[in-house]
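To keep things clear, I will list the structure first and then write my remarks on it.
Computed from a predicted structure; not experimentally measured. Excluded from the calculations below are hydrogen atoms, water molecules and symmetry mates; all remaining heavy atoms, backbone and side chain alike, are included. In each ligand, atom 1 is the first atom listed, and ligand 1 is the first ligand listed.
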Amino acid sequence: MHPTPAEGAESDLNARTQAERLLELSLWLASAATLADVSDATMQAAKRAFPDTAGAIIARRSANEKELEIFAVSDLPGQIFENWQRFSLHEDAPLAEVVRTGDVIALNSPTDWETRYPHLLPLLSETGHRAQLVCPLVAGGMIIGSLGIAFTTDRTFTADEAQLAVALSSQCAVALERARLYENERKAREAAETANQSKSDFMARLSHELRTPLNAIGGYADLIEIGIHGPVTAEQRAVLQRIQTSQKHIQGLISSVLEFSRIEAGATQYHLLPVNLEDTISVCETLTSPQIQEKHLHYVRNSSDLSIEVYADAEKLRQILVNLLTNAIKYTDPNGRISLTVERDPENVRVMVADTGHGIEATNLDLIFQPFVRLHSSTGVVDGVGLGLPISRSLARGMRGDITAESKPGTGSTFTLILPCTPSATT
Ligand code: ADP
């Protein structure tokens, strides 16, 4: 049977109103980030969709999947639901039945309740409700709960109304699931941050506790060596020097661990200012030239522009460059070559430290930036703890730059420090 023109116009109007309500609901729910926001938005949406509604209720499957928990209730006297806060999925009640079957339940009047749920009539009269539409909440193909919309007058729910309630439920379900995942992720992140903070605190305390006796060991060894406690034989002096070398090694290790935990905890402060690169490089060369001479390495600097400035923390820039130069020295055999090259473009400056050392396999180029990673060939043979590169890269990134590595095993490696030249430039 075709609708009359008047009926057709009315159904067009209904369809339009319904589409508008659904759109409004989508917008509300899309901006709901927390579980509380989703329940508020759903309750408001239920009222907009059914202006004569007396209240709504959302039940969610419990973590063990065997029960339903009342998650949110609007405009319903709370004490009525005290006995119903948590109930079995097998309960003979509409909120549980829709979760079991996946079908919408429409109860038009107390007569329907009497037929299907006679044991719930006392609850019905306590709430003052007469009709109810109950829909399953389906998200990702799973029924995660149910939504009940209650009315204090008898109703004859139309197919359109049932459809609107289903659309409302499915949007609510998706938003609930999204908010649940978001909340889980937030909790996991908070737990990880707390664990990380505890680790950093522990490292900082441990390093502090180790430093005091270590300084005492170094101090006493110095006093013995200068003869304060009597004459020192050549053999004793050699042993004292070994004690001092080991003491310095452990002190270096503790400082690196402490610095790394400070970086990880986000406690490192950066004082970013224009820094003259030439001056900084000269200081780094002075600091590393004794090791270069000791190993008979050939060092060359390729930089013509003496005025280049980078936007950096001068102390941290120096620390990075000394680390890259020291590594080049450590991992290059005597008589090898090391070069430092500076390049700049309008936004960034690149400082490349290249060597003719052992080189690094391509598969290890990312790995060496991980804390405590030392490649097999360097462990035991060369002094170090595997924190120089992770610290240097973190510092470079903290200054809006980066460090990258290229290498050819047997030929050599090039480590490139990239830093912005101006406050606003990014790499
Ligand atoms: P460390 O030098 O204390 O071991 P780093 O974090 O500075 O720690 O370096 C990590 C590892 O990367 C080193 O153990 C070494 O195996 C490798 N590496 C670093 N620089 C070079 C280089 N210039 N040539 C070859 N290998 C290098």
In terms of atom number and element, which parts of ligand 1 are under 4.0 angstrom from non-hydrogen atoms of [X]?
X	value
G384	3 (O)
G386	1 (P), 3 (O), 4 (O), 6 (O), 8 (O)
G388	5 (P), 6 (O), 7 (O), 8 (O)
P390	6 (O)
V373	10 (C), 11 (C)
I360	25 (C), 26 (N), 27 (C)
L387	6 (O), 8 (O)
R374	1 (P), 4 (O), 14 (O)

**Study point:** The one among L324, V353, D355 that brings a heavy atom closest to atom 23 (N) of ligand 1
**Key:** D355

Practice item. Select the closest option to atom 17 (C) of ligand 1 among T356, I338, I368, judged by heavy-atom distance. Key: I368

Point to revise | Partner residues of D333 under the side chain to side chain donor-acceptor pair (under 3.5 Å) criterion, sequence neighbours left out | key: H358

Check your understanding: Got a sec, which residues hit side chain to side chain donor-acceptor pair (under 3.5 Å) with R48, two or more places apart in sequence or on another chain?
Key -> E24

Check your understanding: Does the K316 side chain pair with the main chain of Q269, one donor and one acceptor, at a distance under 3.5 Å?
Key -> yes

Exercise for review: May I ask you to decide if S413's main-chain N or O and D355's side chain share a donor-acceptor pair within less than 3.5 Å?
Suggested key: yes

Review point. Is F415 touching ligand 1 with its side chain, its backbone, both, or neither, if touching means heavy atoms under 4.0 Å apart?
Key: side chain

Practice item. Answer side chain, backbone, both or neither: which part of K330 comes under 4.0 Å from ligand 1, heavy atoms only. Key: side chain

Check your understanding: Judged by non-hydrogen atoms, does G357 sit under 4.0 Å from ligand 1?
Key -> no

Under 3.5 Å side-chain donor-acceptor pair for [X] and [Y]:
X	Y	value
Q251	N215	yes
D160	T158	no
E225	Q236	no
Q197	D201	yes

Check your understanding: For the residue pair F157 and F151, is the inter-centroid distance of their aromatic rings smaller than 6.0 Å?
Key -> yes

Check your understanding: Is the shortest N/O to N/O distance between L375 and ligand 1 below 3.5 Å?
Key -> yes

Review point. Below 3.5 angstrom, do we get any N/O pair linking V385 and ligand 1?
Key: yes

